[in-house]
Amino acid sequence: MADPKGFLTTPRQEAPRRPAAERVRDWDEVYVPGGLLPIIESQADRCMDCGIPFCHEACPLGNLIPEWNELVSRDDWQAASERLHATNNFPEFTGRLCPAPCEAGCVLAINQPAVTIKNVEVAIADRAWHEGFVSAQPPERHTGLTVAVVGSGPAGLAAAQQLTRAGHTVAVYERDDRPGGLLRYGIPAFKMEKHQLDRRLDQLTKEGVRFRTSTEIGRDLAAADLRSRYDAVVIATGATAWRELDVPGRELTGVEQAMEYLPWANRTYENAQNTPKEQSVPEPPDSPLTATGKHVVIVGGGDTGADFLGTAVRERAASVTQLDIYDRPGEARDEEAEPWPTYPKLYRLSAAHEEAGELRTAPAADADARLFAASTLRFTGDAAGHVRELHLVEVDAARKPLPGTGRTLPADLVLLALGFHGPERRAGGLIDQLGLDLDERGRLARDAAFATGVPGVFVAGDAGRGASLVVWAIAEGRAAAAAVDRWLTGRTRLPEPIGAHDRPMTV
């Protein structure tokens, strides 16, 4: 503990964001470049170095948070980077994308604002890259054993890196044209610029990981052929089977699954990298799903919906409204319903909601772009079969409609962001060809060692856990890699931060 009174004398300060009117004109990250540097050491000083750090328990990676907080407060960035990377392969991902359950578990959060753990983490990661502390770590020797990883999201990349460093030869198969999974085409650039991903991929390549893109297992390469080529296989395809909304008018053109929309926007961002700086956001490519000039309604109140909100605003939509079926949460923890150190459901103002509120993109909304306690009844369209209106009603806590609360919103594009229930199961595809079993929730079934019923086939990430957080995906990849290493060699020295059936702290 560098400053024993830091948590008493220093107020919480978070990374400053660029003005909303400025940042919606580009795809760059929303934060002021270098904005953390003047404040981050004093923020790290707020860590109490408490006797029992519940932030460890709240983080599935077991990040050594008090240790690297102290090192940052002492200006020892290289040691801080070493401690951070000891438990986390990709801290620049989690520092940008994770909602920070560690902060909810911070002991200081019992009666004060928590330590800005997430900001300290991303500051360490960025400083590590800037100072050259991050480098490739190829294995000293090779085992002669081979592993295929199917899917290049955070779980697949973490598993691949761990197994490669253990000496195995690893190939990662990705059905998209570039590796990264949802990190590539499912996360907007204003939350994480893609150079953050690309330099990690370069690190993995230098360590020996081989990437096979534009290859869908079960279609471009038979699953049996894959299994025969490698000593073990890790399935890390994610949970991309989206939930549907069964209401009248769902068949209208313009009512789309949100994850069919976002990849187009991310490809637009890739094109924008070659656009002269004096230009604003370039014209989107010819896509039936562009939000430009349209009245957009997002059905679903989660963080993913907020990503679509920020994207549609940058595409210059005529209006954007987000519907959340739940009541508006409170701004303080309900100690009875969600006691510390569980992660509470609070009213949070993401960067996208802040932008929408300041720019008034949703005239019908109360504050930012959200309508709470709102349930979709039906869609209506024009003579050409294109959606034009969304009909909704307010609901109570039990989701029962409240009489007399019906209303209509203009809607040229409706994006369904209702979450995911498991991996995609295409008839005759990977799951069928390998003969893998699903559990009662549609996830790939596995045992405590991440193994399926097929010898040598393991499951990591959302494909086995269900849709979760990036920090859980990385933890899954690390733990599954240890399980594979043990199965291949009879023992392992790789860390195992979680078990296959571990779950976050809940009431």
- Would I431 and R426 satisfy side chain to side chain contact (heavy atoms under 4.5 Å, CB included), going step by step from the backbone distance to the final call? CA-CA 8 Å; I431 295 175; R426 184 172 59 84; over 6 Å; no
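- Side chains of N119 and E14: no donor on one and acceptor on the other come within 3.5 Å.
- Residues passing the side-chain contact (heavy atoms from CB on, under 4.5 Å) test with T380 are R378, E389, H391, sequence neighbours excluded.
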Solution key, residues 351-359 side-chain donor-acceptor pairs under 3.5 Å, sequence neighbours excluded:
unit_1 : atom_1 : unit_2 : atom_2 : d
H353   : ND1    : S350   : OG     : 2.8
H353   : NE2    : Q322   : OE1    : 2.8
H353   : NE2    : R370   : NE     : 3.4
E354   : OE1    : R23    : NH1    : 3.2
E354   : OE1    : R23    : NH2    : 2.5
E355   : OE1    : R314   : NH1    : 2.9
E355   : OE2    : R23    : NE     : 2.6
E355   : OE2    : R314   : NH2    : 2.9

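- Across all non-hydrogen atoms, the minimal contact from G466 to A239 is C-CB, 4.3 Å.
- For T311 (side chain) and D307 (main-chain N/O), a donor-acceptor pair under 3.5 Å exists by modelled atom type.
- Shown here for G464 and V459, the closest heavy-atom pair between the two residues is N-CG1, 3.5 Å.
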- Message: With salt bridge (Lys or Arg N to Asp or Glu O under 4.0 Å) as the criterion, how do R360 and D368 come out once you've worked through the C-alpha distance, each side chain's angles and the decisive distance to 0.1 Å?
- Response: CA-CA 8 Å; R360 299 296 298 161; D368 45 54; over 6 Å; no
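- The salt bridge (charged side-chain N to carboxylate O under 4.0 Å, His left out) search around E260 returns none, not counting sequence neighbours.
- A158 and G477 make their closest contact through CB-CA, 4.1 Å (heavy atoms, listed as atom of the first residue, atom of the second, distance).
- Here the side chain of H85 pairs a donor or acceptor atom with the backbone of S81 at under 3.5 angstrom.
- Between the side chains of H295 and S319, a donor-acceptor pair is found at a separation under 3.5 Å.
- For I52, the CD1 atom sits in a loose shell: 12 or fewer heavy atoms of surrounding residues, nucleotides or ligands are nearer than 6.0 Å.
- A search for salt bridge (charged side-chain N to carboxylate O under 4.0 Å, His left out) contacts involving R46 returns nothing, not counting sequence neighbours.
- The closest side-chain heavy-atom distance from M192 to L183 is below 4.5 Å.
- With sequence neighbours excluded, the residues forming a ring-ring contact (aromatic ring centres under 6.0 Å, His included) with W340 are F54, listed by chain and number.
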- Criterion side chain to side chain contact (heavy atoms under 4.5 Å, CB included) on V299 and L415, from CA distance to verdict: CA-CA 6 Å; V299 182; L415 301 174; over 6 Å; no
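- The minimum heavy-atom distance between E244 and L416, with the atom names listed, is OE1-CD1, 4.0 Å.
- Under the ring-ring contact (aromatic ring centres under 6.0 Å, His included) criterion, F308 pairs with no residue, sequence neighbours left out.
- Remark: T240 OG1 to E424 CD distance equals 3.5 Å, nearest 0.5 Å.
- Pairs of residues two or more places apart, or lying in two chains, that qualify as side-chain hydrogen bond (donor to acceptor under 3.5 Å, both in side chains) and include a residue from residues 53-63 are N63-T87.
- Side-chain contact between V115 and N69: present, with at least one pair of heavy atoms (C-beta onward) separated by less than 4.5 Å.
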- Query: Which is it for L157 and L201 under the side chain to side chain contact (heavy atoms under 4.5 Å, CB included) test, yes or no, and what are the steps along the way?
  - Reply: CA-CA 8 Å; L157 293 179; L201 294 172; 3.9 Å; yes
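- The shortest non-hydrogen separation linking A15 to L36 is CB-CD2, 3.7 Å.
- Atoms CH2 and CD1, on W77 and I124 in that order, are 6.5 Å from each other to the nearest 0.5 Å.
- Each salt bridge (Lys or Arg N to Asp or Glu O under 4.0 Å) pair with one or both residues in residues 329-353, not counting sequence neighbours, appears once here: R328-E331.
- A donor atom on one side chain and an acceptor atom on the other are not found under 3.5 Å apart for T405 and E394.
- Taking 4.5 Å as the limit, some side-chain heavy atom of P341 sits within range of a side-chain heavy atom of M505.
- For Y31, the ring-ring contact (aromatic ring centres under 6.0 Å, His included) criterion is met by no residue, not counting sequence neighbours.
- Under the rule for a salt bridge (charged side-chain N to carboxylate O under 4.0 Å, His left out), the partners of D439 that lie at least two apart in sequence or sit in another chain are R443.
- For the atom pair CD of Q196 and CZ of R200, the computed distance is 9.5 Å after rounding to the nearest 0.5 Å.
- Between I498 and E476, some side-chain heavy-atom pair lies under the 4.5 Å cut-off.
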- Message: Before you tell me yes or no, could you show the steps for V471 and L97 under side chain to side chain contact (heavy atoms under 4.5 Å, CB included), namely the whole-Å CA-CA distance, both residues' side-chain angles and the distance that decides it to 0.1 Å?
- Response: CA-CA 9 Å; V471 69; L97 306 177; over 6 Å; no
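- The salt bridge (Lys or Arg N to Asp or Glu O under 4.0 Å) contacts involving residues 496-507 comprise R486-E496, where partners must be two or more places apart or lie in separate chains.
- No side-chain donor-acceptor contact under 3.5 Å links D462 to the backbone of R465.
- In the model, Y326 has a side-chain atom that pairs as donor or acceptor with a side-chain atom of R399 under 3.5 Å.
- L323 has its side chain within reach of L390: a pair of non-hydrogen atoms, C-beta onward, lies under 4.5 Å apart.
- At least one side-chain heavy atom of Q161 sits under 4.5 Å from a side-chain heavy atom of F90.
- Between L61 and I474 there is a side-chain heavy-atom pair separated by less than 4.5 Å.
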- Message: Apply salt bridge (Lys or Arg N to Asp or Glu O under 4.0 Å) to residues E315 and K294 and explain how you reach the verdict.
- Response: CA-CA 10 Å; E315 288 192 333; K294 297 178 180 178; over 6 Å; no
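- The stretch residues 95-121 participates, sequence neighbours left out, in these salt bridge (Lys or Arg N to Asp or Glu O under 4.0 Å) pairs: R12-E103, E29-R96, R96-D126.
- Within the 3.5 Å criterion, the main-chain N or O of A481 finds no donor-acceptor partner in the side chain of Q162.
- By the 4.5 Å heavy-atom criterion applied to side chains, V296 and T321 are not counted as neighbours.
- No more than 12 heavy atoms of other residues, nucleotides or ligands lie within 6.0 Å of CG in D303, so this atom counts as exposed by the packing criterion.
- Within the model, atoms CG of L252 and CZ of R250 stand 9.5 Å from one another, a figure rounded to the nearest 0.5 Å.
- Contact detail for C102 and I65: the closest heavy-atom pair is CB-CD1, 3.8 Å.
- A donor-acceptor distance shorter than 3.5 angstrom exists from the side chain of R446 to the backbone of A500, with no hydrogens or angles considered.
- No donor-acceptor pair closer than 3.5 Å links the side chain of S152 to the backbone N or O of P179.
- Checked by atom type, the side-chain pair N266/R184 shows no donor-acceptor distance below 3.5 Å.
- Between D49 atom CG and F7 atom CZ the span is 11.0 Å, to the nearest 0.5 Å.
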